[in-house]
Amino acid sequence: MSIYKQPPAETGAIITWCPGCGNFGILQAFKLAINELGIDPYKVAVVTGIGCHGKLANYLAYNTIHTIHGRVAPMITAIKLANKELTVIGFAGDGDQYGIGMGHLPHIVRRNPDVTLIVHNNTVFGLTTGQASPTAEKGQKTRTTPWGQWEEPINPIAMMIALGASFVARGFAGDVQHLKWIIKEAIKHKGFSFIDVLQPCVTFDRLHTYAWYRQRIYKLEEAGHDPTSWEEAMRKAYEWGDKIPIGIFYRVEKPTMEELLEPVKKNPPLAYMEHKGKPIKDLMEEKLSYTE
Amino acid sequence: MASKNTIQILVGGPAGSGNITAGLVLARALHREGYHVIGVSEYPSLIRGGHTAYWVRAGVEEVYELEDKTDYVVAFDQDTIDKHGWEFTEETILVYDTKTVSKPPSHTRNIPFPFREVLREYKLKPITMNMLAVGVVSALMGIPLDIVKWSIRKQFIGKEQVVQDNVKSMLIGYEKASTMKQEYEPPRLGEPPHRPPRILLTGNEAISTGFVAGGLQFYVAYPMTPASPILHYMVSVMKAKDIPVIQAESEIAAAQMALAATWAGIRAATGTSGGGFALMNETLSEAGMFELPLFIVVAMRHAPSTGLATHNGQGDMLYSIFAGHGEFPRIVAAPADQEDAYYRTIELLNLGWKYRVPVILLEDKHLAESTRSVKAFREDVRVESPALIPRMEAEKKISEGWEYKPYAETENCVPPWVPPGTRGALVKAESSEHDERGIYTEDSAKVSRIFKRRMCKEERIRRDLEKNYEVLRTYGVEKGSEDLVVLTWGSAGWAVREAMKHLEKRGINTRMIQLIYLWPFPRNKFLEAVGSLGGRPLLTVEYNYRGQLGMLVKMQTGLEITSHIGKYDGRPFRGRILADKILEAIKR
């Protein structure tokens, strides 16, 4: 067995993912997508959560926040509010987003900020050494399910379509070109875009290997899927097992947070405005019983 | 007619009866006349029914807190008599609803009033019943009619029909009282002392107004009593003042949004009470690691747990100072009153962006929701963010060769921040330990160096606060001539100042120290203020059980507290009752 040398990232940080980790494919696809879209790197803001995926923040020469566990969604919402000029991308893990951070998903959908959320879905908690995540399949053996998982898994795609997300897609970390295309479409989409990425964990998930996925996946766009149909999207979302669809399940145009919140809509990016106070004489008169 | 220095009014009734509105209208009218005014509410955690009470105390002299005797009582229910009867005297004038009050006390000066019959007789809107009472009390107290009308107009601003309906009822009440035959003279206040401009407001309104004057650019919160009125206020000014507001899905989300927006380079804040603050703790620690000025208003209420959701408490002082895992610098300030709350809000917004540290504005329910007449606020306040380099300026520096590092070692321990989106700057915030660029590291030397640099802000902030900010206030007699020193903070200071009036009459010289900046604890300024005690008692008065300020003082200075006078039933002290407790404590 040859000795694995951890590669450096463009920031100088050493990439500490396991050799063959699905995260490499996601990292590569994302950087290619930003490059091909011609977005200036300094105008990109990335938020990552806690877990193996979270290290991505250190490997990207973009502005980043590596936040606490499960809280990527509220952060990317607020960054877009504060600076609508930035391209804002969140990366979360399956434990991060569908476990501890689940409660934020309906609300980012309701607000519909023009941001993208990419969930690295590898069915386990990798960095804490292989416990079952909310997407572990029934019967899947992990450190915390030695006799096979007894809980039902979450279906992220069906859930996000049901919530009314305006862009819902699934990618595969083993197909960088296809994932890059999805990410580009997601960034170009006006409003909240969501991508669940099937990401083999080569160390802790013996079931969902690259080969396992490759035998099963097929591309929705090659199968004549109509992503504007909610019913069609929902039907495809429940397809799992021998055939697993990847691609864009659903997309629809809705007004964004930046259009709906008047102070954000009518002003330049708040982050570029001078810190200065506003008059309060009118408030004292209207609200505070000002006496002359 | 003998005029009084202060007058206290109580309007009690079931929730939804409008008694709090009646109290507010009277408070505002007295404020308009030029008196010192405070208004205090007590209400249960429900929407309809139950018993609510609103006290107004007005004075020719400054009034800080309620007293144990009430001059005018309006009772819309029997509970007003049963629960608050202890504050009635032979001179108390009691206006009560003949339909709902079956057992009025016999020792008070009673005015039975058939509110419902009068409503019917004059075809008044039932909802304006409370204004009949306002009319009666205003007439007895001799408040000019145009001033009462002004107050009603302010209460229902922008709703002309509602104003007219309420004024109509008030006038009937006013007329009825003016024609009543009296065997006694109703108490009235002496000449009002004030020159305008003045305002009447709660602590929450002061903080919200401070946010506007202090250049806040985003407010985000999850509803929680008693912090919710800040959210309501900020929403009400969102369009006029161009400040976006989001109601978050949880306090965790609220804190995360405020922190992320701060990262983006704007002034953002959130507000909550103890339970919500608990949910924000992980983010507070994260802000400590990011070195970003997450701004949290902690509006304390009675705790632990859900506690008394609508009542007062000061149990979260030490919690605010030490909340969040790990060690990191922060600033905690507890404004002294409604006027102070405005200026401290602006000060904290500035301090956060001066040192790049999280800041906590700590208020209690009594300050948050009690109203007070104060001098109108100055608008010429300083708004400055020394640690933030605006984008254009940063881009110029970078083009001239500056290498931007968000966690650089600097002479003053504070690395400058630039808004992400600045060309040439890589702006990284890493919740793990990191190097100067914000890249994760486990290297022992690097971790030690950055940890030390982060912590070194604490001592610098302490020195800056002591030198350049009003970290505490002292009241009472000259240092050295006191019989005792009382330490207090937040709204507990109001009752102490009222108690001091009583103690003075009994020949006791008191000196009171009101702490405002609690962390970093202003050790030197504090010890200087206390001076040489020479065996004289050092008391704490706080709305908690343990005497948390005393614990903090002992920890920071080694000074022993003689005795703690605490209150933990959710209600404020009354001046004379506190004076008795202080006397008892110093006799021991």
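Here is the naming used below: chain letters follow the sequence lines, and residue numbers restart at 1 for every chain.
Using a 4.5 Å cut-off between heavy atoms, Gln247(B) touches chain A through its backbone atoms (N, CA, C, O) alone. Of the two parts of Arg111(A), only the side chain, counted from C-beta on, holds a non-hydrogen atom closer than 4.5 Å to a non-hydrogen atom of chain B. Heavy atoms closer than 4.5 Å to chain A are found nowhere in Arg195(B), neither backbone nor side chain. In this structure, chain B has heavy atoms under 4.5 Å from both the backbone and the side chain of Tyr290(A). For chain B, the nearby part of Met257(A) is the side chain; its heavy atoms alone come within less than 4.5 Å. Only the side chain of Glu286(B) comes within less than 4.5 Å of a heavy atom in chain A; its backbone stays farther off. With a 4.5 angstrom heavy-atom cutoff, Phe377(B) touches chain A via backbone and side-chain atoms both. Within the 4.5 angstrom heavy-atom criterion, only backbone atoms of Ala425(B) (N, CA, C, O) approach chain A. Using a 4.5 Å cut-off between heavy atoms, Lys281(A) touches chain B through backbone and side chain atoms alike. For Leu288(A), the parts lying near chain B are the backbone and the side chain together; criterion is any non-hydrogen pair under 4.5 Å. Interface residue Tyr62(A): only backbone heavy atoms are found under 4.5 Å from chain B. Residue Ile243(B) touches chain A through both its backbone and its side chain, counting heavy-atom pairs closer than 4.5 Å. At a 4.5 Å heavy-atom cutoff, Leu349(B) makes no contact with chain A through either its backbone or its side chain. In this structure, chain B has a heavy atom under 4.5 Å from the side chain of Leu261(A), while its backbone stays farther away. Heavy-atom distances place both the backbone and the side chain of Asn58(A) under 4.5 Å from chain B. Within the 4.5 angstrom heavy-atom criterion, only side-chain atoms of Arg28(B), from C-beta onward, approach chain A. For a residue to count as touching a neighbouring chain, one of its non-hydrogen atoms must lie under 4.5 Å from one of that chain's; by this rule Val245(B) touches chain A with the backbone only. For Leu200(B), the parts lying near chain A are the backbone and the side chain together; criterion is any non-hydrogen pair under 4.5 Å. Heavy atoms of Ile76(A) lying under 4.5 Å from chain B are absent altogether. Contacts of Arg391(B) with chain A are made by side-chain atoms alone, with heavy-atom separations under 4.5 Å and no backbone atom involved. At a 4.5 Å heavy-atom cutoff, the contact between Lys154(B) and chain A is made by side-chain atoms alone. Only the side chain of Pro419(B) has a heavy atom closer than 4.5 Å to any heavy atom of chain A. At a 4.5 Å heavy-atom cutoff, Asp40(A) makes no contact with chain B through either its backbone or its side chain. Only the side chain of Leu86(A) comes within less than 4.5 Å of a heavy atom of chain B; its backbone N, CA, C and O stay farther away. In this structure, chain B has a heavy atom under 4.5 Å from the side chain of Glu85(A), while its backbone stays farther away.
Ala254(B) and Ala221(B) make their closest contact through CB-CA, 4.0 Å (heavy atoms, listed as atom of the first residue, atom of the second, distance). Across all their heavy atoms, His104(A) and Ala253(B) have their closest contact at CE1-CB, 3.7 Å.
A heavy-atom distance below 4.5 Å is found between the side chains of Asp282(A) and Lys241(B).
Taking the side chain to side chain donor-acceptor pair (under 3.5 Å) definition, one finds that Lys188(A) meets it with Glu185(A), sequence neighbours left out.
Ranked by heavy-atom pairs under 4.5 Å with chain A, the list Gly421(B), Ala264(B), Gly424(B), Gly265(B) is led by Gly421(B). Heavy-atom pairs under 4.5 Å with chain B were tallied for Met273(A), Glu274(A), Lys266(A), Arg110(A); the largest tally goes to Lys266(A).
A donor-acceptor contact closer than 3.5 angstrom is absent between the side chains of Tyr42(A) and Asn63(A).
Between the side chain of Thr422(B) and the backbone N or O of Glu395(B), no donor-acceptor pair lies under 3.5 Å. Using a distance-only test at 3.5 Å, with no hydrogens or angles considered, no donor-acceptor pair links the side chain of Asp96(A) to the main chain of Gly51(A). Asn83(A) contributes no side-chain N or O that, together with a main-chain N or O of Ile79(A), makes up a donor-acceptor pair within less than 3.5 Å. Proximity of a side-chain donor or acceptor of Asp94(A) to a complementary backbone N or O of Asn122(A) within less than 3.5 Å is detected.
Between Tyr59(A) and Trp17(A), the distance from one ring center to the other falls under 6.0 angstrom. When ring centroids are compared, Phe211(B) and Tyr219(B) come within the 6.0 Å threshold.
When Lys190(A), Lys265(A), Lys80(A) are each tested for a salt bridge (charged side-chain N to carboxylate O under 4.0 Å, His left out) with Glu259(A), only one passes: Lys190(A).
Contacts of residues 20-39 of chain A with chain B at a heavy-atom distance below 4.5 Å are absent; not one residue qualifies.
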